[in-house]
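Here's the structure, in C-alpha cells; my notes come after.
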Amino acid sequence: MTNELLKIIQSRVCYTPLVYERVNKKLSQIMLPTQVDELVTRVLNSEYASIISRGKNYYIEERTEGVILTINKNNYRLITINKSQEVSK
C-alpha cells in the first residue's frame with residue numbers, strides 16, 4: 001500500500017510559488033524550483049521512503065536524502081520540506 005500511495009502522491013503533487021521560498025529557508029539552501037521538484041520526485045520514488053498519515057497531512061521521510069516532505073492529504077500540495085532530525089549534524 002505504501003508504494004501505491006507514494007505513486008498516487010507523485011502523480012498529483014502540486015506546488016505554490018511560496019513553497020519554494022519556504023523550502024529554501026527550511027533547508028538553509030538556495031535551490032531552484034526545478035531542483036525542489038527533482039528532490040520531491042527522488043524522495044517519492046525512493047525505496048527507502050516511509051510515509052505517515054497524521055491529521056490532514058502526509059509526512060514522507062527519506063533518510064538517505066535527509067528530508068521529510070509534508071504534503072496536504074486533500075489537495076496533494078507540498079507544504080514544506082524539513083531536514084530529518086536523525087540525519088542533521
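Here, residue 1 is the first one in the sequence, and each next residue gets the next number.
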What is the minimum heavy-atom distance between Ala49 and Ile60, and which atoms define it? CB-CG2, 4.1 Å
How far does CD1 of Ile51 sit from CD1 of Ile68, to the nearest 0.5 angstrom? 12.5 Å
From CD (Glu61) to OG (Ser46), nearest 0.5 Å: 11.0 Å
Can you list, pair by pair, the side-chain donor-acceptor contacts under 3.5 Å of residues 73-82, counting residues two or more places apart and other chains?
unit_1 : atom_1 : unit_2 : atom_2 : d
Lys73  : NZ     : Ser53  : OG     : 2.5
Lys73  : NZ     : Gly55  : O      : 2.9
Asn75  : OD1    : Arg77  : N      : 3.0
Asn82  : OD1    : Lys26  : NZ     : 3.4

Please list every donor-acceptor pair under 3.5 Å in which a side-chain atom of residues 7-17 meets a protein atom from a residue at least two apart or in another chain.
unit_1 : atom_1 : unit_2 : atom_2 : d
Ser11  : OG     : Ile8   : O      : 2.8
Thr16  : OG1    : Val19  : N      : 3.4

Show which side-chain atoms of residues 28-42 pair as donor or acceptor with protein atoms under 3.5 Å away, not counting sequence neighbours.
unit_1 : atom_1 : unit_2 : atom_2 : d
Gln35  : OE1    : Leu32  : N      : 2.6
Asp37  : OD1    : Tyr20  : OH     : 3.0
Thr41  : OG1    : Asp37  : O      : 3.0
Arg42  : NE     : Glu65  : OE2    : 2.9

Once ring-ring contact (aromatic ring centres under 6.0 Å, His included) is applied, what residue pairs with a partner in residues 45-65 remain, sequence neighbours excluded? none
